[in-house]
Amino acid sequence: MKSGYSHMKCGLLGEHLGHSFSPQIHRELADYSYELFEVEPNGVENFVKNGTLDAYNVTIPYKKTVMPFLDVISQEALAIGSVNTVVRKNGKLYGYNTDYFGFDHMITASGIEPKGKKAIVFGTGGASVTVCAVLRDRGVSELCVIGIEDNTKENLIKHGDAQIIVNATPVGMYPKNLAAPVDLSLFPKCEGVLDVVYNPARTALLLDAEKRNIAYSGGLSMLVAQAVKAFEFFTGDKSEDGITDKILQSVAATTQNIILVGMPGCGKSTLGKLLAKKLDRPFFDADDEFTSTYGVTPANVITEQGEDKFRQMEHDILCELGKKSGAVISCGGGAVTREYNYEPLHQNGVIIFLERALENLSTHGRPLSQKSNVQELYAARIDKYHRFADIEIKSTEIPDKTANAVLEALDGFRYVR
């Protein structure tokens with residue numbers, strides 16, 4: 001963090017900002033204050049004209065709205081037709097667009113090369129205009145923009161030769177997770193997918209790309225890179241080399257969930273509570289959330305209605321827990337037995353398999369563990385635990401020591417871009 005700017009008042013202007021990562025990013029950039037300002041549409045003019053902030057970012061839906069109230073607008077902002085950064089200098093308001101720099105960085109960091117390729121961009125709003133400007137400057141051979149009215153299977157089939165797919169819409173963004181603007185099976189030649197959405201870390205579109213072994217990148221790298229450029233406009237100072245990736249990893253580490261999976265009775269809840277305390281994060285136990293939501297315990301549902309019914313109900317709980325950011329979540333021992341639980345947990349989380357010696361597993365109050373031989377249950381599930389896990393940790397039987405092993409593993413973990 002650069003110091004010397006504590007006198008500056010900065011922030012973010014928007015309509016709904018409850019889950020913005022911007023304050024955290026700017027705290028890591030400099031010591032100026034950075035607050036969220038939720039303003040109704042009829043209050044934007046007054047905010048811009050009579051506000052006292054030294055500088056601020058602008059997000060949807062006001063990137064075009066603020067433009068008539070500014071004194072000077074940069075060439076790139078005029079070309080794109082929107083402003084996302086406003087700076088007060090010498091009594092005048094200057095407007096810039098740092099999204100261009102952000103998306104350009106996102107492409108570079110992803111390793112995806114659009115030059116000479118056919119690209120499809122979903123969305124026709126301000127983000128789409130920025131994305132298209134970058135792609136054209138990057139030398140795409142053909143660019144097709146798909147709006148809501150054009151997003152039909154019949155139309156998309158005509159563009160089945162597209163090699164680069166970009167989502168520039170809010171589809172799949174929190175809280176409407178796991179929705180996608182398109183099915184990638186329609187594009188057999190696709191070799192790169194970019195999604196400007198940053199929450200969750202992996203949208204349904206990116207999960208689809210991952211499943212098909214297609215290179216992809218989420219919007220967090222764009223968000224961080226545009227913030228770094230905004231910092232330069234805010235302060236007139238140059239950012240540090242490598243700061244974008246450093247902050248990206250830091251933000252990803254603190255906003256992605258820590259998901260614990262493992263055999264029943266392996267100590268996931270105990271470890272989860274300890275990790276939550278050490279990291280100052282909220283903790284959620286999927287079985288407790290199940291009981292709180294349905295008014296009945298998992299054991300009762302399994303005993304009275306069968307495992308299949310329980311798994312259906314459990315899936316709904318895991319879908320809601322998977323939407324959270326920066327939480328520690330302990331899953332039931334059999335969550336991995338249903339492949340459809342992987343994406344809700346993986347979308348915004350690092351999944352940790354906690355392995356414990358079978359003779360030390362607790363079976364009290366666990367009908368499936370009591371019904372089956374523990375070794376048979378383990379044999380049936382072990383491949384699934386490996387399949388779900390990003391990190392595997394062996395329990396030391398000393399919770400604090402195990403927690404420290406997890407923290408060490410997380411410290412060296414490379415988070416998704």
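Side chains included, hydrogens not; waters and symmetry mates left out as well; all remaining heavy atoms used. This chain uses plain numbering: 1 for the first residue, then up along the sequence.
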Inset, instruction - Report the distance from atom CG of Leu361 to atom CZ of Arg356, rounding to the nearest 0.5 Å. - result: 6.5 Å
Legend entry - Summary of side-chain hydrogen bond (donor to acceptor under 3.5 Å, both in side chains) pairs that have at least one residue in residues 251-262, sequence neighbours excluded: Gln24-Thr254
Inset, instruction - For the residue pair His26 and Tyr34, categorise the inter-ring angle as parallel (less than 30°), tilted (30 to 60°) or perpendicular (more than 60°). - result: parallel
Inset, instruction - Please indicate whether Lys278 has more than 12 foreign heavy atoms, meaning atoms of other residues, nucleotides or ligands, lying under 6.0 Å from its NZ. - result: yes
Legend entry - Option among Lys309, Gln305, Arg311 that satisfies the side-chain hydrogen bond (donor to acceptor under 3.5 Å, both in side chains) test with Glu307: Arg311
Inset, instruction - Determine yes or no for a side-chain-to-main-chain donor-acceptor pair under 3.5 angstrom, with Ser110 supplying the side chain and Ile107 the backbone. - result: yes
Legend entry - Backbone N/O of Pro200 and side chain of Asn348: donor-acceptor pair under 3.5 Å: no
Inset, instruction - Using the six-membered ring wherever Trp is involved, compare the ring planes of Tyr385 and Phe353 and label them parallel, tilted or perpendicular (cut-offs 30° and 60°). - result: parallel
Inset, instruction - Check whether more than 12 heavy atoms from other residues, nucleotides or ligands sit under 6.0 Å from atom NZ of Lys9, and answer yes or no. - result: no
Legend entry - Test: Lys384 cationic atom under 6.0 Å from Phe388 six-membered ring centre, within 45° of axis: no
Inset, instruction - Classify the angle between the aromatic ring planes of Tyr56 and Phe47 as parallel (below 30°), tilted (30 to 60°) or perpendicular (above 60°). - result: perpendicular
Inset, instruction - Take Phe37 and Leu53 through the side-chain contact (heavy atoms from CB on, under 4.5 Å) test and state the conclusion after the steps. - result: CA-CA 11 Å; Phe37 295 89; Leu53 295 180; 3.6 Å; yes
Inset, instruction - Using a strict cut-off of less than 4.0 Å between a Lys/Arg side-chain nitrogen and an Asp/Glu carboxylate oxygen, indicate whether Asp183 and Lys153 qualify as a salt bridge. - result: no
Legend entry - Under-4.0 Å salt bridge between Glu314 and Arg338: no
Legend entry - Ile165 CD1 to Phe122 CZ distance, which is reported to the nearest 0.5 Å: 5.5 Å
Inset, instruction - Using a strict 4.0 Å threshold on nitrogen-to-oxygen distance, state whether Glu339 and Arg387 make a salt bridge. - result: yes
Inset, instruction - Give a yes-or-no answer on whether the side chains of Ser74 and Asn97 include a donor-acceptor pair shorter than 3.5 Å. - result: no
